[in-house]
Each structure stands twice: as C-alpha cells, then as structure tokens.
Amino acid sequence: MKRIPGKRMTVAVAAAALMATVSACGGASPDTSAPTPVFASGTETPGFPPGGATPGGMPGMSMPPPTRGAAPAGPNAVNIDGFAFTPATLTVKAGTTVTWVNHDEEPHTVAATDGGFHSPGMGAGATYTFTFTKAGTFAYICSIHPFMKATVVVTP
C-alpha cells in the first residue's frame, strides 16, 4: 500500500474535531421523562402538541387550516377535492386560463380525453394551468383515477 504524506495527520485532525463536537453537545442522554400527550378527541395531529401548536412551542406558529370543501381560487379555477373536480362543468371564454388546485392528499392529474392537455402528477396543494384558445367542449379526467371526470366548455 502506498503511503500518502499527511493523510495520518488529516485523519487525526478530523477525529479530534469530531470528539470536540460530541463533547460540546454534552454527551447527555435525551430527557425522556416528559409525559406523552394523549389524543382523546382525534382532532390533534400525532407528533404535534395538542391545540395545533408547532413542535417546540413556537408562539404564533400554527398549522394552516384544512382546505376540504374550499371554494375554487377564482372564477376560472377548479378544485380537486374528495376525488372529484369542482365544478364538474366550467364555462369560460376563449383565451381564458383555467387553474386546477389539488386539495386532496393523494396525487392527481388533469388530462384531456382528446389528448389536448395533460398535467404532470400534482401532489397536495399543487396547481396546473392551461389556456383554452379555441371554442369547444373539452372533457378531461384524472389519469391516475379515471372515474374522476369533468368538462370545460369554451365559448367564442
């Protein structure tokens, strides 16, 4: 094996730095004497303190409210919620950009049945936009969940 000058010194310096870091942390075991919260109502999020506070009790910080049943983000928006597109039929004028917002925890897509547009998989909270440039009736589905069906009607 070939000897590399200074390698032994580099390893020694790295080991000393690691030891200094570990000893600076105190080396004490974590405190496990704190009581574990009981989630009786079923509304609390496991792993978070009751009442919606964030871990560490950061004042003023809370989880955003759930979006189930929320209205679309605007007149030309479609919610994806509860494995359904809402509204099921949206009527817009040619040249309008439509925005789909996924409020489900599951991924969804927006895919025209004629192949005219297809979103990538959208996780929770993701959006997809498409501009309808010509009049017509455009049926679409979620390609992951094909039972999810809706239509955009575009007027001149």
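Numbers here are sequence positions counted from 1. Being a predicted model, the structure only gives us computed values, none of them experimental.
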Just grab all the side-chain hydrogen bond (donor to acceptor under 3.5 Å, both in side chains) pairs involving residues 120-141, residues at least two apart or on different chains.
T97-T131, W100-Y140
Is it the case that the side chain of N102 and the backbone of A126 share a donor-acceptor pair, with hydrogens and angles ignored and the cut-off at 3.5 Å?
no
Gap between atom CD1 of I80 and atom OG of S119 - 0.5 Å precision:
7.0 Å
Beyond-backbone contact of V101 with V78, side-chain heavy atoms, under 4.5 angstrom
no
Hey, what do you get for CG (D104) to CG (N79), rounding to the nearest 0.5 Å?
9.5 Å
In Å and rounded to the nearest 0.5 Å, what is the CE to CD distance from M122 to E106?
13.0 Å
Report the residues that fulfil ring-ring contact (aromatic ring centres under 6.0 Å, His included) with F132, sequence neighbours left out, ordered by chain and then residue number.
F117, F130, F138
Would you tabulate the side-chain donor-acceptor contacts of residues 142-156 under 3.5 Å, counting partners in other chains and residues two or more places apart, or write 'none'?
residue: S143; atom: OG; partner: T109; partner atom: OG1; Å: 2.7
residue: S143; atom: OG; partner: H118; partner atom: NE2; Å: 3.4
residue: H145; atom: ND1; partner: H108; partner atom: ND1; Å: 3.1
residue: T155; atom: OG1; partner: V92; partner atom: O; Å: 3.3

